[in-house]
Amino acid sequence: MTQTTDTTTTNATDTPEAPAPGGRHRIERYDPTAIEPRWQARWAELKLYEVDLDDETRPPYYLLTMYPYPSGDLHIGHWYIKTPTDALARFHRMHGKNVFLPIGFDAFGLPAENAAIRNNINPRDWTNSNIENMRRQLRSMGATFDWSHEVVTSDPAYYQWNQWFFLRFLEAGLAYRAKSPVDWCPNDGTLAREQVEGVDRHCWRCGARVEKRDLEQWYIRVTKYADELLDFSEIEFPDPVRIQQTNWIGRSEGGEIVFETAPSDHHPGGKELRVFTTRPDTLFGATFMVLAPEHPLVPELTAPARKAEVDAYVAQAANRTEIDRLSTEREKTGVAIGADAINPVNGERIPIFVADYVLGGYGTGAIMAVPAHDERDYAFAARFGLPIRRVVAAAGDEGRDLADGAYVAHSADERLVNSGPYTGLPADEGGRAIVGELEAQGKGKAAVTYRLRDWLVSRQRYWGTPIPVIHCPTDGIVPVPDKDLPVLLPDTVNYEGSGINPLTRDEAFLNVTCPKCGGPAQRETDTMDTFMDSSWYWYRYLSPRETYRPIDPELVQEWTPVAQYTGGAEHAVMHLLYAREFTKMMRDLGLIKQNEPWKRVFNQGQILGADGERMSKSRGNVQDPDELVQRYGADTVRLFLMFMGPWDLGGPWSPDGIGGVHRFLNRLWTIALDPSGKEPGDPDAGRLPEGEDEAAARQHIRGAAHRTLKGVTADYEAFHFNTMIAKLMELANVLMRYRGSVAAGSAEWEEAVRMALLMLAPAAPHITEELWSRRLAATGAPWSSIHTERWPEVDPSAIVEATREVPIQVNGKLRDKVVVAAGASQADVEAAALASDRIRAILAGRDPLKVIHAGGGRLVNLVVREDG
RNA sequence: GCCGAAGUGGCGGAAUGGCAGACGCGGCGGUCUCAAACACCGCUGAGGGCAACCUCGUGUGGGUUCGAAUCCCACCUUCGGUACCA
């Protein structure tokens with residue numbers, strides 16, 4: 001591999017110099033600014049981190065970090081995200097794996113456009129200059145990204161394949177067009193949720209009142225994969241991600257039941273109203289029905305006398321957010337439409353309402369309301385004085401009234417009451433019987449509903465992948481032929497000071513000839529959701545420059561599913577779900593064989609500004625890594641970010657404590673280059689700890705090194721970087737204790753220093769490379785990079801100890817500790833405990849009722865009374 | 001609101017059923033120095049006690065257990081997501 005005998009870049013120092021005044025050795029100081037750029041240049045020159053994807057001598061290991069959005073708010077958070085992933089890449093390389101750690105940029109999206117509108121610049125220029133700066137900063141970390149496989153999504157070489165995939169989905173019936181409401185500003189067009197401000201819902205830019213507007217938009221049929229997406233057997237997710245995705249998909253089993261409208265003055269009746277319910281067993285308790293304001297039958301069924309009020313309510317509901325509508329805290333609202341429905345099981349007439357707590361997009365957009373057994377229905381019934389009829393009760397609970405709320409509990413002994421012929425049946429069985437009977441009459445069936453909705457991929461924006469279809473007055477929607485791809489995003493863009501998609505005004509882009517009939521036609525002006533870009537980029541990393549196909553199936557087969565994906569917890573649902581679904585669609589198109597994109601996912605936390613808010617330039621809470629790197633060096637910054645706390649936690653940024661990490665590296669420097677030096681500040685300097693001879697000291701050092709190795713290895717594997725560094729600090733403290741003593745410089749000492757450097761190499765690559773090089777040079781050995789070394793192995797015999805300390809509790813409270821031989825039996829430990837003066841005093845002559853030996857001899861608890 | 005997560009010294013955190021506070025910051029004291037800085041050594045949860053030690057203590061209130069920061073129930077606060085931020 002990358003071995004050379006060249007030693008010109010390092011100096012063989014470490015020759016003892018004359019003691020400085022005060023008896024201190026004068027060794028060259030640790031100066032990261034001198035070391036780091038030199039090694040970075042050297043690694044780049046050796047192409048140490050460019051992967052050979054076809055290397056079959058080592059097992060492949062694909063390590064993927066979520067590609068960054070080039071926001072322009074370049075901050076310490078990016079380092080926080082990337083540093084541990086880089087350390088893992090180095091760790092796995094030291095275990096003999098062929099590691100692929102690519103990087104790229106998620107370059108399309110709203111912020112570029114916001115900046116463009118505000119500052120009247122081109123989103124492409126804004127994005128590209130941010131990418132330039134970010135590349136430089138990411139390189140200054142000393143990270144081992146393989147830049148030769150970089151992907152930038154706003155490059156036509158990438159986004160043309162978004163278009164290609166879209167056309168395949170269209171052919172396969174996986175993409176379709178339907179109406180969908182958007183937040184609409186008369187001046188700025190479609191608004192994202194973050195662009196709608198205040199309780200009065202006004203536009204972020206012009207302040208105009210935001211309304212809802214229905215637009216024809218493109219969808220991907222995610223719901224087709226709902227059940228498969230609920231199967232996590234081939235993907236290792238953190239539990240919270242799996243749970244959130246499961247809840248997001250929200251599979252509900254129940255029944256679809258057909259009500260009919262009752263005849264009335266304004267309406268002949270007999271119109272079918274389908275409802276979905278998870279509780280068909282409560283059908284006899286339905287005392288009214290609720291339609292979503294969007295329900296298509298609302299206008300038709302509304303009585304003329306009620307029309308004005310219903311229309312007003314529907315208009316008002318359209319401008320409410322879903323979060324607001326579903327809030328269980330807000331008082332329920334709704335209006336009667338002046339028509340009734342007929343309950344199919346008992347022929348009862350029940351009134352129909354519209355209310356915004358029922359959503360048009362879920363189930364059938366209509367519900368049967370059972371106030372006795374649903375809290376939302378109960379709240380509505382209570383507000384409007386509607387009857388509440390109990391139809392399910394636990395044994396012995398039938399008589400209890402429901403004055404204080406709905407009865408929704410589920411217990412095994414529930415039975416139906418007030419339910420005609422079904423009365424007395426267990427609730428579950430009754431529900432199935434009711435659905436079965438209705439199904440026989442053609443008035444219902446068992447049904448499954450999902451909360452998950454199809455993926456709306458249309459964006460009324462400029463800075464994204466153009467959707468490759470053409471609207472022809474003759475032929476309707478015509479896909480752009482493959483040979484005409486990519487549909488290029490025009491480079492000239494004129495926002496005219498408004499957020500309305502400039503593509504809609506770009507005549508050159510807009511006007512085309514129909515590929516089918518040759519007549520005049522117009523391009524689609526919607527662009528794609530950037531989640532489309534981010535749903536397959538790791539496949540493209542493997543062959544980023546291929547011009548004739550999106551992916552290289554052989555490399556994809558060899559390298560994916562990705563071994564480890566790391567990224568922010570904020571992506572737990574949407575990105576991680578859409579990307580899984582995209583892989584399944586690619587599979588069904590025959591492009592790949594994988595069922596899941598990644599084997600394992602880890603979510604790291606997010607670094608916030610010192611104020612606890614997300615870091616952004618506009619908030620002025622951004623910490624720039626450059627100034628810290630200048631002051632302390634990249635290794636200190638890397639280490640500090642890993643040491644701050646658990647990686648999955650994140651939290652507000654504070655540089656407090658970075659000095660401690662820097663001091664640790666200084667101590668490591670001292671230990672590695674000046675083992676025999678003595679600190680005048682230490683009264684015990686150069687002396688062994690009391691009661692230890694040289695042999696014991698050397699054994700102590702060796703034991704510490706191997707115990708550290710065992711813990712550090714486990715910590716890397718478990719992503720516990722903070723405790724990994726703490727353990728290395730402890731080892732450095734042990735070595736510092738022996739510095740200047742007879743044990744310093746012994747074989748055990750040298751082994752411990754060597755191991756410490758290897759263990760720290762993934763996290764602090766520059767200083768370890770420098771010290772490694774100097775030690776090689778000092779022994780006259782040829783240079784080779786520490787980063788091509790193998791990870792050391794634990795010698796179990798080094799860790800064995802002759803005695804162990806056992807804490808002794810009385811009634812669960814720590815009272816004493818006894819030292820016993822390592823192999824002592826439970827009886828021996830118990831005898832030692834009972835022999836302790838302190839324990840005897842506390843027991844005061846009482847015999848323990850019970851003696852608990854916990855954790856394989858780790859602790860003893862003497863119980864002298866049961867109430868402890 | 002709903003879904004998910006977190007809450008431990010002055011601060012970041014460690015310990016995920018068994019010694020609460022590893023490691024680090026800050027603080028206090030010391031060594032070195034003409035002096036300062038650096039570096040190094042020691043102490044540092046709260047209360048009580050001359051001391052040995054004792055009591056209390058992991059957001060709040062309950063519970064399970066020989067034993068709870070850790071498990072269960074209820075609540076409070078903060079953070080992430082909530083389908084056009086990425």
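Since we're looking at a predicted model, the values are computed, not measured. Labels below follow one simple rule: chain letters A, B, ... track the order of the sequence lines, proteins then strands, and each chain is numbered from 1.
For a distance-only test at 3.5 Å, the side chain of A:Gln244 qualifies as a donor-acceptor partner of the base of B:G80. Interface remark: the A:Asp656 side chain does not form any donor-acceptor pair with the B:C25 base, using a distance-only criterion of under 3.5 Å. Between the side chain of A:Arg461 and the base of B:C84, at least one donor-acceptor pair of N or O atoms lies under 3.5 Å. Between the base of B:C66 and the side chain of A:Lys850 there is no donor-acceptor pair shorter than 3.5 Å.
Within residues 211-220 of chain A, the residues having any heavy atom closer than 4.0 Å to RNA chain B are, in order of number, A:Gln217.
Ring centroid separation for the pair A:Trp538 and A:Tyr67 does not come in under the 6.0 Å cut-off. The distance between the ring centers of A:Phe380 and A:Tyr357 falls below 6.0 angstrom. Here the two rings, on A:His662 and A:Phe640, have centers that are 6.0 Å apart or farther.
The shortest non-hydrogen separation linking A:Gln460 to A:Asn501 is O-CB, 3.5 Å. In terms of heavy atoms, A:Met134 sits closest to A:Pro70 at SD-CA, 4.0 Å. Scanning all heavy atoms of the two residues, the minimum distance from A:Tyr219 to A:Lys179 falls at OH-O, 3.8 Å.
Residue A:Arg453 places no side-chain N or O under 4.0 Å from the OP1 or OP2 atom of B:A83. When the side-chain nitrogen and oxygen atoms of A:Arg815 are compared with OP1 and OP2 of B:C54, one or more of them lie within a distance under 4.0 Å. A:Asn722 has no side-chain polar atom (N or O) that falls below the 4.0 Å cut-off from OP1 or OP2 of B:G24. Applying the 4.0 Å criterion to OP1 and OP2 of B:C40, one finds that A:Arg667 has a side-chain N or O inside that range. Between A:Thr190 and B:C84 there is no side-chain N or O to OP1 or OP2 distance below 4.0 Å. Taking 4.0 angstrom as the limit, A:Arg193 places a side-chain polar atom (N or O) nearer than this to OP1 or OP2 of B:U82. Taking 4.0 angstrom as the limit, A:Arg614 places a side-chain polar atom (N or O) nearer than this to OP1 or OP2 of B:G81. Using a 4.0 Å cut-off, some side-chain N or O of A:Lys813 falls inside it from OP1 or OP2 of B:C56. Phosphate contact (OP1/OP2 of B:G24, side-chain N/O of A:Asn733, threshold under 4.0 Å): present. Taking 4.0 angstrom as the limit, A:Arg838 places a side-chain polar atom (N or O) nearer than this to OP1 or OP2 of B:C53.
Rounded to an integer number of Å, the gap from A:Glu197 CD to B:C85 C1' is 13 Å. Atom-to-atom, CE of A:Met736 to C1' of B:U31 comes out at 14 Å; the value is rounded to the nearest Å. When the C1' atom of B:A5 is taken as reference, atom CG of A:Asn247 falls 13 Å away, rounded to whole Å. What separates OH of A:Tyr462 from C1' of B:C84 is a distance of 19 Å, to the nearest Å. With rounding to whole Å, A:Leu649 atom CG is found 15 Å from B:C11 atom C1'. Rounded to whole Å, atom P of B:C2 lies 11 Å from atom CZ of A:Arg376. Across the protein-nucleic acid pair, A:Leu641 atom CG and B:C25 atom P stand 17 Å apart, rounded to whole Å. A straight line from CE of A:Met729 to P of B:C23 spans 11 Å, rounded to a whole angstrom.
Heavy atoms of A:His575 sit nowhere under 4.0 angstrom from any nucleic acid atom. The residue A:Glu730 sits close only to the backbone: its heavy atoms come under 4.0 Å of sugar-phosphate atoms, none of a base. Among the atoms of the strands shown, base atoms are found under 4.0 Å from some heavy atom of A:Val182. Across all strands shown, A:Leu191 has heavy atoms under 4.0 Å from sugar-phosphate atoms exclusively, and none from any base. The residue A:Ile852 sits close to a base: some heavy atom pair falls under 4.0 Å. Counting non-hydrogen atoms under 4.0 angstrom, A:Thr328 reaches the backbone sugars and phosphates but no base. Within 4.0 Å (heavy atoms only), A:Trp248 reaches at least one base atom of the nucleic acid. Using a 4.0 Å heavy-atom cutoff across all strands shown, A:Phe664 reaches no nucleic acid atom at all. Residue contacts shown for A:Lys727 are absent, as no nucleic acid heavy atom lies under 4.0 Å away.
Glycosidic conformation at B:G9 (O4'-C1'-N9-C4 for purines, O4'-C1'-N1-C2 for pyrimidines): syn, within 90° of 0.
For the atom pair OG1 of A:Thr566 and CZ of A:Phe602, the computed distance is 9.0 Å after rounding to the nearest 0.5 Å.
The partner of B:G12, taking Watson-Crick or G-U wobble pairs whose two distances both stay under 3.5 Å, is B:C23. Pair check for B:C28 finds B:G42; Watson-Crick or G-U wobble, both atom distances under 3.5 Å.
Going from the C1' atom of B:C56 to that of B:C11 covers 23 Å, rounded to whole Å. Distance check on atom P: B:A22 versus B:C73 gives 32 Å, rounded to whole Å. Comparing the C1' positions of B:C19 and B:G67 gives a spacing of 12 Å, expressed to the nearest Å. Taking the C1' atom of each, B:G9 and B:C28 are spaced 16 Å apart, rounded to whole Å.
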(request) Evaluate the ring-ring contact (aromatic ring centres under 6.0 Å, His included) criterion for residues A:Trp455 and A:Tyr225: first the C-alpha distance (whole Å), next the side-chain angles of each, then the deciding distance (0.1 Å), finally the verdict. (result) CA-CA 12 Å; A:Trp455 176 12; A:Tyr225 293 90; over 10 Å; no

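Between A:Phe643 and A:Gln460, the residue anchored nearer the 5' end of RNA chain B, judged by the nucleotide with its closest heavy atom, is A:Phe643. Mapping A:Gly659 and A:Ser327 onto RNA chain B by nearest heavy atom places A:Ser327 at the nucleotide closer to the 5' end.
Applying ring-ring contact (aromatic ring centres under 6.0 Å, His included) to A:Phe531 and the options A:Phe108, A:Phe582, A:Tyr578 leaves one that passes, A:Tyr578.
Under a 4.0 Å N-O distance rule, the pair A:Asp183/A:Arg193 does not qualify as a salt bridge.
Looking at the side chain of A:Met574, the nearest of the listed nucleotides B:C3, B:A15, B:G81 is B:G81. Closest approach to the A:Ile323 side chain among B:U82, B:C23, B:G80 is made by B:U82 (side chain taken as heavy atoms from C-beta onward).
For the pair A:Arg29 and A:Trp669, the cation-pi test (distance below 6.0 Å, angle within 45°) is failed.
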